[in-house]
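In listed order, ligands and their atoms are each counted from 1.
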Amino acid sequence: MTYPQNRVFSGVQPTGNLHLGNYLGAITRFVDLQQDFECIYCVVDLHAITTWQDPEVLAANTREVTAAFIASGIDPEKHIIFNQSRVTAHAELAWIFNCVARMGWLNRMTQFKEKAGKHRENASVGLFSYPNLMAADILVYRATHVPVGEDQKQHLELTRDIAQKFNSDYAGSIQKNGFEEGYFPLPEPLIQGAATRIMSLRDGSAKMSKSDPSDYSRINLTDDADTIALKVRKARTDPEPLPSEMDGLEGRGEAENLVRIFAALADRQLDDVLAEYGGGQFSGFKQALADLAVTKLGPINDEMKRLCADPGHIDKILSNGAARATEIAAPIMTDVKSIMGLLHD
Ligand code: TRP
């Protein structure tokens, strides 16, 4: 048995406020990968509940992420979109990985330290073992490539460590059961580059974030045209005019961020954007950026609204995706159980 050479898996948490940073940094990348890979995109609701979620809000957010995927151009028929809790194999393999990963490995995870903060004793056990579930998400499909942001790189390395330890702990049994050496692939991260790191509209040194208390710091995918235009107009800048070359953006985080957003939305090079708008005042550039953002995001916003108005339809897409995901995961779980000596029919 050989494993697929190009299967992509990635996950997005349904924790609300999907914004321009998620769109340019992750979702457009997911869209592009459909060309060359078999893609599985998962709304990771089991990860979301590692911190308490209001049940109704969680359900609404799960549908909203699904709508954003589809409205942005992910094809749920050619590829797979589903929510994690519908495919029980994720939780099942995560338990097995709880027994493969070492305490010491998880103790080194910087995201847990950040999220748990000073209240470590009060964090859920799920928040601590979160990376094992993430490894299960990926490996239950024997996925080979994982598009993630820089912040998830350490979790991807842990996934590789878990795959490697499983492969070596059970090397003899893997062979005896007739599987090729190294049952799990070591998945490659496809790290989203700095070019797509979108910063806050209020502070060029902080990432655009759903948890920023100021709604003016981000453009949400649910913002209507007027709100988008207003937020761009109000975006913080400095008194200097826009430079004609990249050097002139040094130390001017807010200005650079707006130029990057423009370039990403227009699919143009930064130099090219500066050549056109450099030397002018910010107001003119901001007007052009607002128009561009409304043109690009408006149709996505409309389509998300249309999809969210029919939750039953979204749920059908999710259950169909889950059925197809289960078809891939089930035989892999059967292999894993055979390899480990867990009895099953
Ligand atoms: N931890 C990821 C995040 O917060 C989400 C995620 C869960 C994920 N499982 C995954 C990403 C598997 C890639 C692959 O961004």
- Message: Quick test of your reading of the model: are R108 and E157 salt-bridged, counting only N-O distances below 4.0 Å?
- Response: no
- Query: Mind checking whether F9 and Y41 have ring centres under 6.0 Å apart?
  - Reply: no
- Message: Among residues at least two apart in sequence or on other chains, which ones pass ring pair (Phe, Tyr, Trp, His ring centres under 6.0 Å) with H79?
- Response: none
- Using heavy atoms and a threshold below 4.0 Å, how should the contact between I138 and ligand 1 be classified: side chain, backbone, both, or neither? side chain
- Message: Considering non-hydrogen atoms of the protein only, which is the closest contact for atom 14 (C) of ligand 1, and what is the distance?
- Response: V146 CG1, 3.6 Å
- Best match, G149, A48, G11: closest heavy atom to atom 11 (C) of ligand 1: G11
- Protein heavy-atom partner closest to atom 10 (C) of ligand 1 - residue, atom, separation in Å: M134 CG, 3.5 Å
- Message: Taking 4.0 angstrom as the limit and counting only heavy atoms of H47, give me the atoms of ligand 1 inside it, by number and element.
- Response: 7 (C), 9 (N)
- Going by the atom numbers of ligand 1, which of them fall below 4.0 Å from some non-hydrogen atom of V44? 7 (C), 9 (N)
- Pair D137, H90: side-chain N/O donor-acceptor within cut-off below 3.5 Å: yes
- Would you mind checking which non-hydrogen protein atom is closest to atom 9 (N) of ligand 1, with the distance to 0.1 Å? D137 OD2, 2.7 Å
- Applying a 4.0 Å heavy-atom criterion (strictly less than), which segment of Q152 is in contact with ligand 1: side chain, backbone, both, or neither? side chain
- Item | Atoms in ligand 1 flagged as close to V148, the criterion being non-hydrogen separation under 4.0 Å | 11 (C), 13 (C)
- Task: Look at the rings of Y183 and F166 and say which category their plane angle falls in: under 30° parallel, 30 to 60° tilted, over 60° perpendicular.
- Result: tilted
- Message: Need the ligand 1 atom indices (1-based, order shown) with element for anything under 4.0 Å from a heavy-atom of Q13.
- Response: 4 (O)
- Can you tell me if CD on Q269 sees more than 12 non-hydrogen neighbours from other groups inside 6.0 Å? no
- Query: Are a donor atom and an acceptor atom from the side chains of Q34 and D75 found within less than 3.5 Å of each other?
  - Reply: no
- Note on the structure: Ranked by distance from atom 1 (N) of ligand 1, the top protein heavy atom is Y130 OH, 2.7 Å
- Task: State whether a side-chain donor-acceptor pair under 3.5 Å links Q152 with Q111.
- Result: yes
